[in-house]
Amino acid sequence: MQTYSSIQFSRKLLCHLLCKRPPISELKKIHAQIIISSHASLTDSLIHCYLHTNNVNVARILFNNYHFPSPPTLVWNLVIRAYSKLQGSLESINLFYQMLTLDHPFSAVPDEYTFTSVITSCAHQKSIVHGEIIHGMVKKNGYLMNLYVANSLINMYAVFARVDDAHKVFNEMSELDVFSWTSLLCAYAKGGKMDIASQLFEEMPARNDVSWAVMISGSVGCGRYAKALAYFCKLGKSEPKVKLNEAIIVCALSACAHLGALDQGSWIHGNIDKNGILETSNVRTALIDMYAKCGRIDCANRVFDNISKPDVHNFTSMISGLSIHGLGRHAICMFNRMLVDKIKPNEVTVLGVLNGCSHSGLVKQGLSIFYNMESSWGIVPKIEHYGCFVDLLGRAGYLAKAFGVVKSMPIDPDIVVWRALLSACRVHRNTYLGERIINHIGQLDSQSRRGAEILLSNLYASLGKWDNVSLVRQVMGKQKHQSDIGCSWIEVNGVVHEFRVADQLHPQIIEIRNKLSEILKRAGLVGYAANITHVSFDLSDEEKEQAVAWHSEKLAIAFGLMSTSPKTSIRVVKNLRTCEDCHSALKAIAKVYDREIIVRDRSRFHTFRDGKCSCNNYW
DNA sequence: CATAGGCCCG
């Protein structure tokens, strides 16, 4: 066997390998033939090689067996960097601390590269404590002046939504680049302060694709979907041209999904290839989600069918899509297919399929999935799963069992669980249980109670206990509690129009309201009568009728009827659950105007056709 | 040898 005795030759070979990234087998073969013990720099190169080919463990063995007092800083940096890429691993921080305790005469000391990597690693940890300690060291040793180090600190504080700390680092920097600005944007976006982020975005001297991505994803993150799409459109027109990337596409599709903006969503789909964006798994997941949430489960299916080996995200998106369309049995089939394909479901997948069971009344199947999720797939039920499970039982009318689950669950029930339970009490008109639940909620801490108060008031209202309603409302008024405002979106000719309950903002609002009055009159002719049991204010009947009349989905539908041609379908998306009154009104409107009306509410799709709804009044 | 962004969820 030939031995590479010449160090020079070995080095050259390793350099060559660094570029080539050979398979591990070849690397090990060469490794075996090299005499490394004689020269440190060869070990260094080998470590480098293994790290380059993602063989961290082999590199680590070489690193641990280093024959010299200490590896040079550069080698430490390589290894620390490799571990920081394994997001969530503590190892690079451990190594960093080890490095500080070295006391050989020629010890390695951390430099600006070390700090950059280790701070990045801190950003991926659950806790920021190490990050703060290391920030302290950086302050002392002067590396704060290094652009990379300071930028990684801004990013770290951004990840933890520590806006003030991020901005403080930013302010103290002598030199800023697009990374500094973008990381700062990210901090404000994560901290939910999109208005300030927008301001900074205008101020910053140069923007690139990531800066735009942060603005778009930030807007999506805080529910400003129309704003996200506005950024996306602005990006398309910006000069000089900014290259689109996968993250931007995924975020824009997500915004379309939330808004039900099918035209814009399919436009993006059609333009993916042209922009050199690959249809990666992430993009496909987003496409499936977008089509499903825009009411086109057929298109979602087509995207899914074109995937040769669907991964867990693709499956999850498809299953959730089928579920919100009320296709629970299909969702279960898809879930089973996934298991056959040996793809392990994650917690979101289980949530999706449970949701499907819930909307299709598949109680038995849902029970079996819920009770087996931990033993079969190792998924410990989280509060979300309990919420869904309680919803499943509650909707189907098993109220006592649902309450039993809530009382015995190992986690404290949250607002969602209570909402599921209380809304089941409302649907099934169970006053007795409703009051017991209210008593229960009364004993909760103030924070959970604040969220529960709106539910309480709604339940009291539906029970006709107006004294209690106003009592709760008074308390809420003092706390300035902001509940979700009813909001609906409709896309007409590629433009998304937004309506809020009792809207005054839309430029054609007067016309729309007149149209709505006329529509409701005609709906009345086929038997629709305003249902005001769920109006939560203590108003006169006439006022209550007005309150439901101006629910945002009715305004959006009126606008849709005004501005689309006869017989075409009308699609509306709403952020809350559809109320009973709107539900019956839409059935009547679909019949009188001979239109298909598709409404996606907070939890599922309703397709109104000829006086009936696809949910069979089960929602 | 180093830094920024993202999907599926009641």
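Hydrogens, waters and symmetry mates are skipped; everything else that's a heavy atom, side chains included, is used. Letters A, B, ... mirror the listed sequences (proteins, then strands); counts begin at 1.
Side-chain proximity of Ser217(A) to dC7(B), dG6(B), dC9(B): nearest is dG6(B). Residue Ser320(A) places its side chain closer to dC8(B) than to any other of dC1(B), dC8(B), dA4(B). Proximity note for Asp289(A) (side chain, C-beta onward) versus dC7(B), dA4(B), dA2(B): the nearest is dC7(B). You'll find that the side chain of Leu351(A) is closest to dC9(B), out of dA4(B), dC7(B), dC9(B). The side chain of Asn155(A) sits closest to dA4(B) out of dG10(B), dC8(B), dA4(B). The side chain of Phe179(A) approaches dT3(B) more closely than any other nucleotide in the set dC7(B), dC1(B), dT3(B). Comparing dA4(B), dC1(B), dT3(B) against the side chain of Leu74(A) picks out dC1(B) as the nearest. Side chain of Asp391(A), nearest nucleotide from dG6(B), dA2(B), dG10(B): dG10(B). You'll find that the side chain of Tyr148(A) is closest to dT3(B), out of dT3(B), dG10(B), dA4(B). Side-chain proximity of Lys293(A) to the nucleotides dG10(B), dC1(B), dC9(B) is greatest for dC9(B).
Using cut-offs of 30° and 60° on the angle between ring planes, the pair Phe389(A) and Phe370(A) is parallel. Ring orientation note: the planes of Tyr225(A) and His258(A) are close to parallel, at an angle under 30° on the 30°/60° scale.
Phosphate contact (OP1/OP2 of dG10(B), side-chain N/O of Asn355(A), threshold under 4.0 Å): present. OP1 or OP2 of dT3(B) has at least one side-chain nitrogen or oxygen of Arg81(A) nearer than 4.0 Å. An OP1 or OP2 oxygen of dC9(B) is reached within less than 4.0 angstrom by no side-chain nitrogen or oxygen of Thr316(A).
Regarding Ile134(A), its CD1 atom lies at a distance of 18 Å from the P atom of dA2(B), rounded to whole Å. Atom CG in Asn146(A) sits about 15 Å away from atom P in dC1(B), given to the nearest Å. Remark: C1' of dG10(B) and CG of Asn575(A) are 15 Å apart, rounded to the nearest angstrom. One atom, NE2 of His313(A), and another, P of dC7(B), lie 11 Å apart when rounded to the nearest Å. Look at CZ on Phe335(A): it is 15 Å from P on dC9(B), rounded to the nearest Å. When rounded to the nearest whole Å, the span between CZ of Phe96(A) and P of dC1(B) equals 21 Å. The NE2 atom of His124(A) sits 6 Å away from the P atom of dA4(B) (whole-angstrom rounding). Separating the CG atom of Leu153(A) from the C1' atom of dA2(B) is a distance of 13 Å, rounded to the nearest angstrom.
Base engagement by Val210(A) is indicated by at least one non-hydrogen atom pair under 4.0 Å involving a base atom. At a threshold of 4.0 angstrom between heavy atoms, the contacts of Asn208(A) include nucleobase atoms, whether or not backbone atoms are also involved. Among the heavy atoms of the strands, none lies under 4.0 Å from Asp311(A).
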What pairs of donor and acceptor atoms, side-chain ones from residues 180-188 of chain A against any protein atom, are under 3.5 angstrom apart with sequence neighbours left out?
residue: Ser180(A); atom: OG; partner: Asn151(A); partner atom: OD1; Å: 2.7
residue: Ser180(A); atom: OG; partner: Asp177(A); partner atom: N; Å: 2.9
residue: Ser180(A); atom: OG; partner: Asp177(A); partner atom: O; Å: 3.3
residue: Ser180(A); atom: OG; partner: Asp177(A); partner atom: OD1; Å: 2.9
residue: Thr182(A); atom: OG1; partner: Val178(A); partner atom: O; Å: 2.6
residue: Thr182(A); atom: OG1; partner: Ser211(A); partner atom: OG; Å: 3.1
residue: Ser183(A); atom: OG; partner: Phe179(A); partner atom: O; Å: 2.9
residue: Tyr188(A); atom: OH; partner: His167(A); partner atom: ND1; Å: 2.5

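With hydrogens and angles ignored, a donor-acceptor pair under 3.5 angstrom links the side chain of Glu246(A) to the base of dG6(B).
The backbone N or O of Cys357(A) lies less than 3.5 Å from no partner atom in the side chain of Ser360(A), so there is not a single donor-acceptor pair.
The aromatic ring of Tyr113(A) does not sit over the base of dA2(B), since the test of centres under 5.5 Å and planes under 30° is not met.
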Arg60(A) vs Tyr50(A), test: side-chain hydrogen bond (donor to acceptor under 3.5 Å, both in side chains). Steps then yes/no.
CA-CA 9 Å; Arg60(A) 185 59 192 271; Tyr50(A) 278 114; over 6 Å; no
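Separation of atoms CG (Leu362(A)) and CG (Leu367(A)) is listed at 11.0 Å; rounding is to 0.5 Å.
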